[in-house]
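Working notes, structure below.
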Amino acid sequence: AQKVTQAQTEISVVEKEDVTLDCVYETRDTTYYLFWYKQPPSGELVFLIRRNSFDEQNEISGRYSWNFQKSTSSFNFTITASQVVDSAVYFCALSTTTFTGGGNKLTFGTGTQLKVEL
Amino acid sequence: DSGVTQTPKHLITATGQRVTLRCSPRSGDLSVYWYQQSLDQGLQFLIQYYNGEERAKGNILERFSAQQFPDLHSELNLSSLELGDSALYFCASSVVGGDYGYTFGSGTRLTVV
């Protein structure tokens, strides 16, 4: 079975602080995909990143960066110089190749509520 | 606009009623997934269809059912509604599997009163 754990339920920071959201996953599959989604107060799920299990390179996109470490089964997300607009719930998710014939479900963590205050 | 269309955006109905949620996947995507997001259960996978056939089932209640039509749009039917069914229901689509990512619709917020 697949499992994603986001131990941080809620994080509050002051604007311009850096913040790291933790994600730990469990799977027996050797091929899998990890995702981060952002859910702002408006409710939609916004895709941030997808990473496959064979690519352990860290990635940076503007103020966002991701650290993937297979050795610790973690896929952490860092926001540098946080802004009020970053306030949202962030979900880490895992997809594996368990299902054949076209489709693998996403298993989500419970999410981390990030509050960025002035 | 993500390319996945969900209707209606909001729905208020009474207990015991039946509703149908509709999802049109992104053009070219063959797989449709339904998720339920409630306050106490988080984002739960309900069911997946691929090219008209059911492929995977998650924590979907027997009162709930879904189908995918030849034009690939999908409907999620919720019957004998209870207060606890109040939630945000998301539809997502993908090309084939998760290898190419998932695109989510904006969700249908269901309130059962």
Side-chain angles (χ1 to χ4, degrees), chain A residues 1-10 23 25 27 29-55 59 61 66 75 88-113, chain B residues 1-6 9-10 25-26 28-60 68 72 74 87-110:
Chain A
Q2 294 76 44
K3 185 178 179 182
V4 177
T5 300
Q6 294 180 256
Q8 304 152 308
T9 304
E10 186 174 318
C23 173
Y25 62 91
T27 179
D29 290 89
T30 55
T31 301
Y32 52 89
Y33 300 86
L34 295 164
F35 300 78
W36 276 95
Y37 286 86
K38 173 182 179 180
Q39 187 174 40
S42 52
E44 72 271 24
L45 284 168
V46 179
F47 167 78
L48 296 178
I49 190 171
R50 177 179 68 93
R51 179 53 54 90
N52 74 52
S53 53
F54 299 107
D55 182 4
E59 181 155 340
S61 176
W66 290 269
F75 187 43
V89 180
Y90 291 86
F91 290 95
C92 180
L94 168 70
S95 169
T96 71
T97 57
T98 304
F99 304 107
T100 59
N104 317 302
K105 67 170 187 175
L106 265 179
T107 298
F108 284 89
T110 51
T112 297
Q113 170 80 61
Chain B
D1 182 7
S2 68
V4 176
T5 303
Q6 286 189 250
K9 292 193 182 305
H10 300 277
R26 194 179 59 164
D29 287 357
L30 299 178
S31 274
V32 171
Y33 309 77
W34 286 97
Y35 285 83
Q36 178 193 56
Q37 185 180 25
S38 56
L39 284 176
D40 56 346
Q41 293 291 326
L43 271 159
Q44 298 289 316
F45 168 71
L46 295 178
I47 198 164
Q48 179 218 346
Y49 279 83
Y50 170 72
N51 205 21
E53 294 185 7
E54 180 185 307
R55 287 295 181 179
K57 242 178 179 178
N59 300 320
I60 187 167
Q68 185 179 30
L72 300 178
S74 177
L88 189 52
Y89 291 84
F90 285 105
C91 167
S93 70
S94 67
V95 174
V96 174
D99 305 24
Y100 298 94
Y102 305 79
T103 303
F104 280 83
S106 56
T108 293
R109 187 170 296 279
L110 173 67

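In what follows, every chain begins at residue 1, and chains take the letters A, B, ... in the order their sequences are listed.
In this structure, OH on A:Y37 lies 5.0 Å from CZ on B:F104, to the nearest 0.5 angstrom. Atom NZ of A:K105 sits about 10.5 Å away from atom CG of B:L46, to the nearest 0.5 Å. B:F90 CZ to A:F108 CZ: the interatomic distance, rounded to the nearest 0.5 Å, is 8.5 Å.
Other residues, nucleotides and ligands place more than 12 heavy atoms under 6.0 Å from the CZ atom of A:R51.
Just one residue in the list A:V89, A:L106, A:L45 forms a side-chain contact (heavy atoms from CB on, under 4.5 Å) with B:L43, and that residue is A:L45.
The part of B:Q37 that comes within reach of chain A is its side chain, from C-beta onward, which places non-hydrogen atoms under 4.5 angstrom from that chain. Only the side chain of A:Q39 comes within less than 4.5 Å of a heavy atom in chain B; its backbone stays farther off.
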